[in-house]
Structures are given as structure tokens and as C-alpha cells.
Amino acid sequence: MKSDKWKPWALLAPSMSAVFLLLVIPVCFIVVYSFWLRAPSGADIPAFQFGNYAKFFEDFFYPKILIRTIRISFETVILCVVMGYIPAYFFYRSESRYKKVFLLLIMLPFWVSFIIRTMSWINIMGDSGLINHFLLKIGLIGSPISMLYNEFTVLMGLIMYLLPFMVLNIYVSLEGIDKSLLEAARCMGCTEWQAFREVTLPLSLPGVSAGCLLVFVLTAGTYLPPMILGGPGNDMIANLIFKRVIGTLDWPFGSAISVILLSLLFVIVWTYNRYLGINQIFKSFRGIEP
Amino acid sequence: MKQASIGWSLIRIYTFLVYVFLFAPIVVVIVLAFNPKQFGIFPMEGVSLRWFIKLAQNESIIEAFQNSLVLGSLTAVISTGIGILAAWRSSASSSPARTPSTPCCCRRS
């Protein structure tokens, strides 16, 4: 046994070095960059100063976008749970022989580029899009109503992108529930609804919790839905980083915003895991066991 | 079971609506690919393969498509390889009785 001690490390070495080389080192670069000075022309000047961070908190413009990002992320998470739980439950309880096909279908959207799917909403909801065309045809409206480029469409784009993640997470945890527990609850006289509330729902919470975390982090870091489906007032923090780094080539300030976003996400995720995390839910369930 | 109850029907309708929401953009993309005009606007006037012909004649798009295939396969192979090693190690370490050298599929339970 003792001679095998190195083996786990040998097996882990490729993934650890991949994470280190492709994630840890680039993040370190970003942190270092965020202290540099931006030169009016030519290369940025290596320095150690907090000017980029001060610029972020100088007035209310940037923090407001940060707050908006967090708010939209929370809204997306809640809507994804509401929209995703029932389909996941459907997969879990369905006895149809097409169940596998339904599950495959929920992954199918990943096969079409996210950008194309987002832009496609313009063809559905735009002034000459599908919905307006239909409403005009049946005579419900006289002229096209403009529905695009507001926070609602941004949320819709985000949900379309992230809903499969939520559904799959919840489904996996539902599928792990021992079905005999449900039968036992029914034998003891629970109604279908009570059995769901007392057995299925608490046992599926770890999946909901994991899905929420995934959706939250992905929302906070995405910039395509606000860019394509949002108006000028719907920018999220990732759009800001994109504009700084790609638009104005201001790497130091873009890095500083990234570091601020990263720290904020770290704090939120840590708090979440501390108080609402997966372990806590397991523990609380253990508490109600007889 | 309760597959015929009202509640179950509601769940099915809800799931169907979620599918409509997820698939509407994809369906629209596929339909508009056969659009004869420059812009993707409704109503469509007829059906054409114009864009597919244009695609087949565009060298740079075909090259990009080849690049995608090569990079996609390479990414799949490399990350699956690294992932198998890491997962092997962590599944082995979950129980002290399992030696890290036997993969799950070869283990006798």
C-alpha cells in the first residue's frame, strides 16, 4: 500500500497543472495588471497603485452597474428555479418511453451557438419579427409594438442560456432519491402533494442549491445577452470589462473591474456555502430524520 | 400512478411551454436559413437554398468549419483524458478500502 502513495498525486497532476497553468496564473496576471498605470500612449506602465480601484468607486456610475449585475443574477436564479423545477420533476416522474428523448432535447440547445440563439430573439420579438407579424395578421394591433432592448429581454436571453443547467442539476438530484421513500410516504397516508412536500422537495434541495450557484456565477460573468438584447441602460459588469479591454484597450482598469467582480462573487459564494450550502441542507435533513 | 390526474396534466403543459421557450429561437434560425431575402424578417417570401449555396462557396467559412472540428475533437480528447485521471483518483480516495490503482469499472463489489 505504501508504495502506492504517490499514485493519487500522479493521477491528479495533469488536471492540477491544467488548472494552475490555465486558470491560476492568468488570474494572477489580472491581479498584477490591475495595479498598473495606463499610459496615454504606448505600453502600460508597471506600478503598484490603487488608482484603478479608486476610479471604480469614484462616482456612482460603476458601482450602480455592479449592483444591477447582482440584482439581475438573483432574478435569473429565481426564475430559473421556477421554470426549471417542474420540467425536472416531469422527467423524474414520467413513465413515458420517450423520457430519454426529452432529456436529450433539453441538451440540444447547446448544439446551436449561444450567440445565434440570442440573436434569434430579435427575429422573434423585433418590430418585424414573428410575434409582431402574427399580432398584426390577426388584427390585434395596428402597428408593431417594440418589445426588445429592455431588462425583460435581457432576462429572457439569460434564462434561455442557463435553464438547461438548472434543469439538469435538479433532475440529477431527483433521480438520486430512493423511490421507496415516496412509496412509504404514500403508504403512511400522505397525499401526493404531501409526499412531494415532505420527501421529494427536501431531498432535491441539494440539486436546486448547486444549480442556483452555477446559474448565479454564470450570469454574473456573461455579457452577450445584455449586449445583444439589452438597451443602453442594461449593461452588466461583464459588458463594462469587455468595453474597457476590447473597446478602449484599458487593460489596467478592465483588470481592476474583473478583480472587484471576482472578489464580490467569492464573498457571495462563500457566504452561500456557509449558510445555505449543500452541506447545510444535508445536515438539516439529517435533523428531521427520526 | 397519478399519470392521469389534473396536477400531472398541468406539469406536462408547463414542461411543454418551457420546451417551446427553449426551442423557439432554434426553430426560427432553421426556418430563416431558407429565407430568400437578405434580412431575417417575417413574413418570408418563398423558400430558397441561396444561403446554403453561398456557404458552400465561401472558402474561409469552410476553413473555419474544419478548424472547429479539429479543435473540438482535440479539446474533447485532452479534457476527457485529464478528467478521467482526476475522477479516478477522487473516486478511489472516497473509501480507504479501495486502492487507487483499480478503476471503478474493473472493481468487484
Side-chain angles (χ1 to χ4, degrees), chain A residues 1 4-19 83-91 93-96 102 105-106 108-109 111-113 116-134 136-137 156-157 159-160 163-164 167 186 192-193 196, chain B residues 1-33 35 37 39-44 64 68 72 75 78-94 96-103:
Chain A
M1 272 304 282
D4 276 353
K5 272 248 163 90
W6 58 273
K7 266 191 179 162
W9 295 107
L11 290 171
L12 212 51
S15 51
M16 295 279 269
S17 37
V19 167
M83 286 181 73
Y85 196 95
I86 293 174
Y89 187 73
F90 170 78
F91 298 138
R93 292 302 297 274
S94 170
E95 281 156 9
S96 159
F102 291 141
L105 278 178
I106 206 95
L108 189 83
W111 300 355
V112 178
S113 164
I116 296 295
R117 276 187 291 144
T118 311
M119 296 199 77
S120 183
W121 281 109
I122 296 173
N123 294 322
I124 296 175
M125 297 181 75
D127 283 355
S128 50
L130 199 58
I131 293 176
N132 268 321
H133 170 60
F134 179 74
L136 280 172
K137 197 110 183 174
M156 219 176 54
I159 292 167
M160 180 207 64
L163 194 58
V167 172
R186 295 284 281 142
E192 193 72 49
W193 167 245
F196 169 75
Chain B
M1 272 179 11
K2 54 143 204 178
Q3 304 270 354
S5 72
I6 300 170
W8 184 248
S9 315
L10 286 177
I11 288 175
R12 282 171 64 168
I13 294 168
Y14 194 97
T15 307
F16 176 74
L17 290 178
V18 169
Y19 267 91
V20 169
F21 172 71
L22 279 179
F23 281 88
I26 299 173
V27 171
V28 167
V29 166
I30 294 172
V31 169
L32 285 178
N35 182 26
K37 278 204 179 155
F39 299 108
I41 50 174
F42 289 91
M44 260 170 64
S68 293
T75 313
I78 294 172
S79 46
T80 310
I82 294 177
I84 285 175
L85 292 179
W88 188 356
R89 182 248 181 272
S90 45
S91 75
S93 70
S94 63
R98 293 170 171 179
T99 52
S101 48
T102 30

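Predicted model only: the values in this text are computed from it and were never measured. So that the names make sense, note that chain A is the first sequence line, chain B the second, and so on, each numbered from 1.
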J.: Once rounded to the nearest 0.5 Å, what's the spacing between atom CD1 of Ile159(A) and atom CG of Leu22(B)?
T.: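 Between Ile159(A) CD1 and Leu22(B) CG, I get 10.0 Å after rounding to 0.5 Å.
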J.: What pair of heavy atoms forms the shortest contact from Pro14(A) to Leu85(B), and how long is it?
T.: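 Scanning both residues completely, I find the closest heavy atoms to be CG-CD1, 3.6 Å.
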J.: Which bit of Met119(A) comes within less than 4.5 Å of chain B, counting heavy atoms only: side chain, backbone, both or neither?
T.: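 The answer is neither part of Met119(A).
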J.: Within a radius of less than 6.0 Å around CZ of Phe134(A), do more than 12 heavy atoms belonging to other residues, nucleotides or ligands occur?
T.: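 Atom CZ in Phe134(A) is not crowded, with 12 or fewer foreign heavy atoms closer than 6.0 Å.
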J.: A side-chain contact here means heavy atoms from C-beta on lying under 4.5 Å apart; do Tyr19(B) and Phe102(A) qualify?
T.: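 They are in side-chain contact.
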J.: Would you mind reporting whether Ile26(B) and Ser120(A) have side-chain heavy atoms less than 4.5 Å apart?
T.: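 The answer is no; the side chains never approach within 4.5 Å.
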J.: In terms of heavy-atom proximity below 4.5 Å to chain A, should Tyr14(B) be classed as side chain, backbone, both, or neither?
T.: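 Looking at Tyr14(B), just its side chain touches chain A.
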J.: Please round to the nearest 0.5 Å and tell me the distance separating atom CD1 of Ile11(B) and atom OG of Ser94(A).
T.: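 The OG atom of Ser94(A) is 10.5 Å from CD1 of Ile11(B), to the nearest 0.5 Å.
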J.: Could you tell me which residues satisfy side-chain contact (heavy atoms from CB on, under 4.5 Å) with Leu108(A), sequence neighbours excluded, listed by chain and number?
T.: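 Scan of Leu108(A) (side-chain contact (heavy atoms from CB on, under 4.5 Å), adjacent residues dropped) gives Leu105(A), Trp111(A), Phe23(B).
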J.: Taking side-chain contact (heavy atoms from CB on, under 4.5 Å) as the test, write out the residues that go with Ile116(A), two or more places apart.
T.: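 Once residues adjacent in sequence are excluded, the partners of Ile116(A) under the side-chain contact (heavy atoms from CB on, under 4.5 Å) criterion are Val112(A), Ser113(A), Val29(B).
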J.: Please report the closest heavy-atom contact between Arg117(A) and Pro25(B), naming both atoms and the distance.
T.: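 Minimum heavy-atom contact is O-CB, 3.5 Å.
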J.: Find out whether Val18(B) and Leu163(A) are in side-chain contact, i.e. whether some heavy atom of one side chain is under 4.5 Å from a heavy atom of the other.
T.: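 A side-chain contact under 4.5 Å exists here.
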J.: Is it the case that atom CE in Met83(A) sees more than 12 heavy atoms from other parts of the structure closer than 6.0 Å?
T.: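 Yes.
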J.: Taking side chain as everything from C-beta outward and backbone as N, CA, C, O, which of these in Ile122(A) sits under 4.5 Å from a heavy atom of chain B? Side chain, backbone, both or neither.
T.: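 For Ile122(A), no heavy atom lies under 4.5 Å from chain B.
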J.: To the nearest 0.5 Å, tell me how far Leu32(B) CG sits from Ile124(A) CD1.
T.: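 It is 9.0 Å, given to the nearest 0.5 Å.
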